[in-house]
Amino acid sequence: MRLTRYFMPTLKETPTEAQIVSHRLMLRAGMVRQASAGIYSWLPLGFRVLKKIEQIVREEQDRAGAHEVLMPTVQSADLWRESGRYDHYGKEMLRFTDRHGRDMLYGPTNEEVITDIFRFYVKSYRDLPKMLYHIQWKFRDEVRPRFGVMRGREFLMKDAYSFDLDAEAARLSYAKMFMAYLATFDRMGLKAIPMRADTGPIGGDLSHEFIILAETGESEVYCHKDWLNQDVDAANIDYESDLRPRIDALTQLYAATDEMHDAATCPVPAEDLLMARGVEVGHIFYFGTNYSAPLNAAVQTPDGGQAHVHMGSYGIGVSRLVGGIIEASHDEAGIIWPDAVAPFKVALINLRQGDAATDAAAESLYGKLSQAGVEVLYDDREERAGAKFADMDLIGLPWQIIIGPRGAKAGVVELKRRATGDREEIAPEAALQRVIG
Ligand code: 5CA
């Protein structure tokens, strides 16, 4: 992509309304534009990151055996009256009536809609277990939308739902999602710590929040300091096996959110206990028959009876993750994208646009990078070198390849790794191999 043809409206000034670093950097990098309080348009650079995150989430859900569907954003109030949640949900729910006077709502979550789909089609224990998920916009009329996309009113969520014959089987599904979450966040370069959590308005008796540590996080958390070094070996998961022993081993180390933590009963000695702030990027729930009973989602059991299915629901804040990753990975100069979610892999910086030899060297390398399928953003603007460096450090692509008149003459480029600042002068061909490899 040539920057002169792209739409990346970076800002020089730090926007005053942004209180936390990820929000400031997202606005400055031209990733999002606020449309109204807590509601954002995604500009090209931000949208690319959102899509990358979404794709990793999708692949790990698929790997865990969940199947993707797409449910609507607009739901009928009737289903929520059936489940009993319509009156309780409160002001966070955006409610409206259609032209025929029917009560509608913009979905804050989808337990009711998915249970309605399930009960219509699935009638026998033989069809269980099933896990379905979708990645769809939600609306929650938060009292205080803040921190940019981290606490929006409209936000993108992956929500999955599991259906099982009984509590024992449902816990196996819960364990699959638990491990899928560790794998998902691991692939994004994040250390997400699962913590026993309160179930809130979703209900149920078993729940974990997945929290990444960041100073500006909204959640106060307590965990054993060894969590920071614990390797979850997330790449290596056999979803056909019972994952519970592995999870038990992992969760022997203490971790709890503020609501669940009790200093009096905490098993960790004070010197090993880490008190920190974090961002909740995922939340999973097992809630038995809380929805299947009122909505009458039942299947035939092996002995010929009928039983309400046991369900769980599993959320990931896809749009929140864009901000969360920046909170966890930035420096004074800007964002440092983990490779897996970077909007482009390489920034190709032409230091003297208009100089024939430099242009020729940059064009040639741009062609080769594109040919090799490397996502490259070519800064071909007629701008000062300092401004180009500042913009490219701000948007935080993993690699920078810098070409100036001196290097063009000598047949070398400078290759810089954004995360470490390491630089080396090498032949263009060698730089190409390095960023591919
Ligand atoms: N039905 C369940 C699981 S599918 C549910 O709604 N869970 S939740 O309320 O915990 O939301 C799931 C995830 O969505 C959260 O972990 C968080 O990462 C994200 N999320 C929740 N509210 C917001 C918000 N206002 N802005 C951005 N992300 C949010």
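Scope of the values below: all heavy atoms of this structure, side chains included, with no hydrogens, waters or symmetry mates. Each ligand, and each atom within it, is numbered from 1 in the order the structure gives. Owing to the predicted nature of the structure, the values given are computational and were not obtained by experimental measurement.
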Side-chain donor-acceptor pair present, Gln34, Ser36, cut-off under 3.5 Å: no
Distance-only polar pair, side chains of Asp62 and Tyr133, donor-acceptor under 3.5 Å: yes
The option among Glu111, His134, Arg140 carrying the non-hydrogen atom nearest to atom 6 (O) of ligand 1 is Arg140
Out of Glu209, His283, Arg320, Met157, who gets a non-hydrogen atom closest to atom 11 (O) of ligand 1? Met157
Any luck finding a side-chain donor-acceptor pair between Thr4 and Asp380 under 3.5 Å? yes
Suppose I only count heavy atoms of Arg151 and a 4.0 Å limit; which atoms of ligand 1 are within that range? 26 (N)
Below the 3.5 angstrom mark, is there an N/O of Glu142, backbone or side chain, next to an N/O of ligand 1? yes
Can an N or O of Tyr314 be found at a distance shorter than 3.5 Å from an N or O of ligand 1? no
Is Gly315 close to ligand 1, meaning an N/O of one under 3.5 Å from an N/O of the other? no
Side-chain donor-acceptor contact under 3.5 Å, Tyr222 with Glu220: yes
Do we see a donor-acceptor contact under 3.5 Å between the side chains of Gln300 and Lys123? no
Hey, are Arg58 and Gln61 close enough side-chain-wise for a donor-acceptor pair under 3.5 Å? no
Under 3.5 Å between any N/O of Glu280 and any N/O of ligand 1: does that happen in this structure? yes
Polar contact flag, side-chain donor to acceptor under 3.5 angstrom, Asp127-Tyr125: no
Can you sort out which atoms of ligand 1 are near Val281, meaning under 4.0 Å from one of its heavy atoms? 16 (O), 18 (O)
Shortest reach to atom 24 (C) of ligand 1 by a heavy atom, considering only Phe155, Tyr161, Phe287: Phe155
Nitrogen or oxygen of Asp159 less than 3.5 angstrom from that of ligand 1: no
With a 4.0 Å cut-off on heavy atoms, is Phe210 touching ligand 1? no
Test item, Ser313 contacting ligand 1 (heavy atom, 4.0 angstrom): yes
Side chains of Glu112 and Ser83: any donor to acceptor distance under 3.5 Å? yes
Which of the atoms of ligand 1 are close to Gly282, meaning less than 4.0 Å from one of its heavy atoms? 16 (O)
Classify the side-chain pair Tyr286/His310 by whether it contains a donor and acceptor separated by less than 3.5 Å. yes
Answer side chain, backbone, both or neither: which part of Val149 comes under 4.0 Å from ligand 1, heavy atoms only. backbone
Judged by non-hydrogen atoms, does Ile284 sit under 4.0 Å from ligand 1? no
What I want to check is whether the side chains of Tyr314 and His283 have a donor and an acceptor closer together than 3.5 Å. no
